[in-house]
Structures are given as structure tokens and as C-alpha cells.
Amino acid sequence: MDGGATMKSVSVEYFALFRDRAGRSQETVETTAEDALALFQELEHRHATSDPRGHCKVAINGKMAEWSDAVNDGDTVLLFPPVAGG
Amino acid sequence: MDGGATMKSVSVEYFALFRDRAGRSQETVETTAEDALALFQELEHRHATSDPRGHCKVAINGKMAEWSDAVNDGDTVLLFPPVAGG
Amino acid sequence: MSMEISYAPIDTAGLRREMADVTAGGFVVFEGWVRNHNEGREVRALEYEVYKPLAISEGERIIAEVIEQTGAIAARAVHREGALELGDSAVWVGVISAHRDEAFRACREIIDRIKVELPIWKKEHYVDGDSGWVNCERCAKHGHAHAHSH
Amino acid sequence: MSMEISYAPIDTAGLRREMADVTAGGFVVFEGWVRNHNEGREVRALEYEVYKPLAISEGERIIAEVIEQTGAIAARAVHREGALELGDSAVWVGVISAHRDEAFRACREIIDRIKVELPIWKKEHYVDGDSGWVNCERCAKHGHAHAHSH
């Protein structure tokens, strides 16, 4: 198994503050990140946040996900900064 | 002092169930009752309730009162069965 | 005037407009509706008897006390009097506050106190033709719970 | 559909009518209003960004869970999206139940969860010309709390 080193193509979408910081709402990235956390950290130059756990959320392929969830080739990953409804 | 035996004239008003039972909404009674509780018990043949404490209320001269409050000549006493607002 | 007794249906939209306040972030409303059953009996309609002078003054006192206790900005309440039909709003309590916690607590406290402290009596008319004053079980001495009238 | 995201102002009177139910005795509503200040700053207007597909599905899940937990009869929520002015209703949550306790508890729980679980972001525009995303203090790495734009 060398799954950890496999290059994957992932569509990333940025929202609110993250979109403002990244200067874009969507991009396709080539990555070897195994989970959502690793992908998020690889993209720190875009969203300028070192650790999302506890205050940022992630969705994968249209469903809320955990930061430890796997990221696979062809996935769409949505990066949500801290929410503030109401 | 023989205040306890003084005959007083008091206007009594009955509400809701008490009015239905008394068959009248108001009457003037001559009484020697010293407090509201004694007056209420004197009128048991009207409202058919032996003890009002804890579930019935009384007002004297336009203000909510206690059952231990004095009743004086010329007072208006309102007898309230258990309330059920809302 | 924060407490009102109304023969007419409660104008809930008008009350909401009148409470508008740009310093308020939270608005909580409670409405009590006439429902078609109570304690296992089918209800057809009901009527409220209100001793207005004291219902108003006691209601105003409750609202002032609860605003003081909770720190809410303002509160208003309206209670119906007379004949009501199924689905009618019998009571409306609205509270505004800076944050939602005060408004929730104040609204709950006001309706809880209105139900037990104001001189208001409810007579239910049942589908079977019977009727009775609600809550009068404890003031009955002669072995029947309600003043039934067939 | 119990959760709705709306660009248009919330039709509170229409929502109230739609919740009418003769088995319900209690109706509790929470509205969040845009107020003219927040955390010591004067607010001029604000905008909500919403990721609609998940805001709706997560909102429906929250409402279903809370109805199950509390025993309320039904609940609905509407959240605004886009530009809002002072005094606008940003969110509306309505719950009906047989008795008032369930409606109060359910309404409170739904608004508490909507505020922290749905993908909704609020940008405040201040009177001084500044603006910023609310709640982003913790995701800021570079020493300034908001993404300020003058």
C-alpha cells in the first residue's frame, strides 16, 4: 500500500472569510493529503489558518464531514470558517 | 376594645364559579367578621367552599389582599375562585 | 400600557410592529391557543371572565418585575375576554431584549405568572354539551368537580 | 419543508397562519433582529452568506431531532440570506406544542443550534466604514481579528 503518496485531484471551495483571504471561491488542487485536516493545512497559504479543529467545519461531497475523514480523488471539499447564524 | 363584635356593612362581589353558585354577583352583608377569611367562611352557604387558602384569592377595596387582612365597615370585598388564565 | 385585556381578536402583527426597537437583538413571543381538547375532553369553545381593573394592574406589576429581574428591554401582554373559538389566540406575550436569553426567560416567567396570578377564569364548553370552570376542582365541596350545566 | 433560506424579508404573519393547528395549545416564536450595535461597535447594516444546500439539510435535521427530544408538535425556521438593514428579522423560529413547556424548550434549542451548526456567515458593516466577518477571531492567524476592509 502506498495510498498515502497517491496524487489526487480535489475541488476545493472557500466560503466567507476564507474566500476573501484566498481571493477565489473555488480551485482544483493536486494533493497527496490523506484526510481533510492534511488538505486544510496544505492550503494554509490560502486561508491563513493553522488549525481548523473546534471552530471551522468541512463538508465533503455535499455532506458535513470530520477533519479526520479521508479525501479521495475527485472529491469536492468545502472549507467553512467559523459560522455565525441568527 | 370590642372591635370583634362590631357589626359592619360590607359589599361582597362573587366571580365566575362563585357567582354561579351564589346566584348573584354582588350583595351587601352585615357581619362581625374581623378578617377576610372569617367573612369568606361566614358566606360558605353562597360559594360552597370551606377553606379558600392556597387556591382562592381575595381583593379588598380594589387591591389584592391576604385572607388575614382586616375587613372594615364600608369595604368592598371581591371573592375570586381559582384562576385559570392563558 | 404593557398589559391589555381585549374583547377583540389579538392583532399579533400590529403588536409585533409596535415592539420594533433597533437596540433589540432578540424577540420572543408566546401565544396560548384554544385547542380542541383538554384533560381528555373534546372542547368546542370557551369563554374567559376577567376582572379587568386588577388583571391590568397585576399584569403591569408582573411585567415590570420580570423586566427588572431579567434585564429584558420591554414586554407586553394581551389577554382575551369573552367568547373564544377553537384556534383563537387567548393570550399573547412578547418580549424584546439585547440577547435572546433574557427574552426567553422573561417571556416564560410572564406567561407562567399570568396563568396563576391574574383574576381570569376560563369556562370550557365541551362537544358533549357539558361545560365547566377550569381549575375549580379544589374549590368544590359537594363532591362534583365542575359546575356542570347540561 | 421545515427549514427555509430566504432572500426576501420574512413573512412572519404568513408563517404564523401556516402553523395554525387546533391540537396545539402553545406557540412560541423567536426572532433575531439586526440591531444597531454589537460588541461595542455601531452597526449600520449586515449581510449573511449561506451555503444553502447544507444549511437547509442540517436545519431540517436539527428541527427533526429537537421535535423528537421535546415532544413538540411541529417547528419551522427561516433564515435570511444577503443584505439586511437595521431592524430586519434575520431569523425566525416557530414551534407549536400541546403545552407551553415543550414549545419554549424546543424553540430555544433550535435557535441555539442554528447559530452554531449551520453554514451561515455574518458580515457586519459598521458606522465608521469598517466591516468584518463575525466570530472569525479564532481563525485569524495574522494578528488581526477581522478581515477589515476600509
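Every chain is numbered from 1 and lettered A, B, ... according to where its sequence line falls, protein lines coming before strand lines.
- Rounding to the nearest 0.5 Å places CD1 of Ile120(C) at 11.0 Å from CZ of Phe80(B).
- Chain B forms more heavy-atom pairs under 4.5 Å with one residue of Glu117(C), Lys122(C), Glu49(C) than with any other, namely Glu49(C).
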Verdict with reasoning, Asp20(B) to Lys123(C), per side chain to side chain contact (heavy atoms under 4.5 Å, CB included): CA-CA 12 Å; Asp20(B) 287 358; Lys123(C) 190 179 217 170; 3.5 Å; yes

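- Scanning residues 61-70 of chain B against chain C with a 4.5 Å heavy-atom cutoff picks out Gly62(B), Lys63(B), Met64(B), ordered by number.
- With sequence neighbours left out, the ring pair (Phe, Tyr, Trp, His ring centres under 6.0 Å) criterion links Phe30(C) to Phe104(D).
- Remark: Glu68(C) CD is loosely packed, at most 12 non-hydrogen atoms of other residues, nucleotides or ligands lying under 6.0 Å away.
- Summarising the local packing, CD of Glu42(B) is surrounded by more than 12 heavy atoms from other residues, nucleotides or ligands at distances under 6.0 Å.
- With hydrogens and angles disregarded, a donor-acceptor distance shorter than 3.5 Å links the side chain of Trp121(C) to the backbone of Pro81(B).
- No donor-acceptor pair under 3.5 Å is formed between the side chain of Tyr48(C) and the backbone N or O of Ala84(B).
- Interface residue Leu118(C): only backbone heavy atoms are found under 4.5 Å from chain B.
- Glu31(C) does not touch chain B: none of its heavy atoms, backbone or side chain, sits under 4.5 Å away.
- Summarising the local packing, CD of Gln69(C) is surrounded by more than 12 heavy atoms from other residues, nucleotides or ligands at distances under 6.0 Å.
- Of all the heavy atoms in Pro119(C) and Val83(B), the pair that sits closest is CA-CG1, 3.9 Å.
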